[in-house]
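Just below is one structure, and these are the notes that go with it.
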Amino acid sequence: MISKRVQRIQPSKTVEMTSRVAELQRQGREVLRFNVGEPDFATPEHICLAAEEAMRQGFTKYTPVMGILELREAISRKMEEENHVSYLPDEITIGAGAKQCILAALLAICDPGDEVIIPYPCWVSYPELVKLTDGEPVMVPSKADFTLDVSAVKEVVTKRTKAVMINTPNNPTGAVYDRKSLEELAALAVEHDFYIISDEVYEKFVYGGNPHVSISSLSDGIKERTILINGMSKSYAMTGWRIGYLAASKEVIRAVNVLQGQMLSCVHSLSQKAAVAALTGTQEPLQSMIREFEKRRDYMRRRLSRMPGISCRESMGAFYLLPDISGCYGKSYRGITIEDDMRFTEYLLEEAMVAAVPGSAFFAPGHLRFSYSNSMEQIEEGMDRMEQALNKLF
Ligand code: GLU
């Protein structure tokens, strides 16, 4: 018998869509992938070489549970320089991707019935990870422009609030939270004594010169209450290497390390060496990836905005666009009527072989999430196909 806990959890819609598209491609169908949230770029060469060298040198055994010191030192330096916040290497733990770090953090702080406030639209996994810990996700809407609505958060704070989980730059909206709203949230956290779980995995992908602000850098009081989540997957095109990390107070780190020691022993040793090379080596591949993403974002948004029934808000960060497709509701073609974003996703997949993720998976019904982590050529082709499919509806 499967536990009630697991039965309460939804499978990940992003992961599910990735498998479905892979299956269609395996069958020879030419699906264009705008569903998957991973850079299409290869992991930079110097990072791969560092792993290869480590393997040849026999660096293939268990490492310390919290990760090798060399990596935690590199992360500590990076946070000091880029995020303007000081974490000692023993206030940092390495996990198997940011997702696993979030779960470990939630397990470390949540008792059954504890509430975790999640502004939405949000990444598919947040509410499910909270449920896995027997905590209760409390969903609050973001502002109409998808930025953080601190007054909406304030309204749902109770004695049982254990944490607020934020994600800036945001998956799926591309919103970037400004300093002022983060300061207001930080003040609320200090006043009511709850944690902020701050997922900053898209921190490098901020366009138009806006800064990324780490909430933990705002004061000592908020640093003490922040669990900062980050990882190598997005910044260094290293999704498969599974290196995430969390930085937090010594108390939280101690608890997380107990859990990680029982669940994980350690993260892949070679990936850790690769992560050191990523952080300490040339940042040029990252910079050119950012420049390319910005071009793709502008192009894709322009194309989407011109399509009938679609409106697409500007996205300031990450590599996603979340167009509103509700203008297509009620339209039909070949017996399919667009009634919701799920139906629209199916229509696009069937009619245009274009894959995206329905917004309702991210608590954004009436929208679709497009990832522009695909070549410009494929984006052009995808937008052409989508336009043709839409012209059939109108
Ligand atoms: N975070 C990415 C996404 O939203 C990767 C898949 C996942 O783990 O959800 O598509």
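Note that the coordinates shown come from a computational prediction; the quantities given were computed from them, not determined experimentally. These values consider heavy atoms only, across backbone and side chains, with no hydrogens, waters or symmetry-generated copies. Just so you know, residue 1 is the first one in the sequence shown, and it goes up from there. Indexing begins at 1, ligand by ligand and atom by atom, following the structure's order.
No option in Tyr207, Tyr320, Phe41, Tyr202 other than Phe41 meets the ring pair (Phe, Tyr, Trp, His ring centres under 6.0 Å) test with Phe293.
Nearest protein heavy-atom contact of atom 10 (O) of ligand 1 is Arg369 NH2, 2.9 Å. Protein heavy atom in closest approach to atom 8 (O) of ligand 1: Lys99 NZ, 3.1 Å. Considering only non-hydrogen protein atoms, atom 1 (N) of ligand 1 sits nearest to Lys234 NZ, 3.3 Å. Taking atom 6 (C) of ligand 1 as the reference point, the nearest protein heavy-atom neighbour is Thr14 OG1, 3.7 Å.
The pair Glu183-Lys180 does not count as a salt bridge, with every side-chain nitrogen at least 4.0 angstrom from each carboxylate oxygen.
In the displayed structure, Arg179 atom CZ is contacted under 6.0 Å by at most 12 heavy atoms of other residues, nucleotides or ligands.
For ligand 1, the atoms closer than 4.0 angstrom to any heavy atom of Gly37 are 2 (C), 3 (C), 5 (C), 10 (O).
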Between Tyr299 and Tyr372, is a ring pair (Phe, Tyr, Trp, His ring centres under 6.0 Å) present by the stated rule, with each step listed? CA-CA 10 Å; Tyr299 175 80; Tyr372 43 87; over 10 Å; no

Using the side-chain contact (heavy atoms from CB on, under 4.5 Å) rule, take Met66 and Ile92 through it: C-alpha gap first, then chi angles, then the decisive distance, then the call. CA-CA 7 Å; Met66 64 199 306; Ile92 296 165; over 6 Å; no

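Residue Asn171 touches ligand 1 through its side chain alone, judged by heavy-atom distances below 4.0 Å. If you look at Phe319 next to ligand 1, there are no close heavy atoms at all, none under 4.0 Å.
Judged by distance alone, the side chain of Gln100 and the main-chain N or O of Gly95 form no donor-acceptor pair under 3.5 Å.
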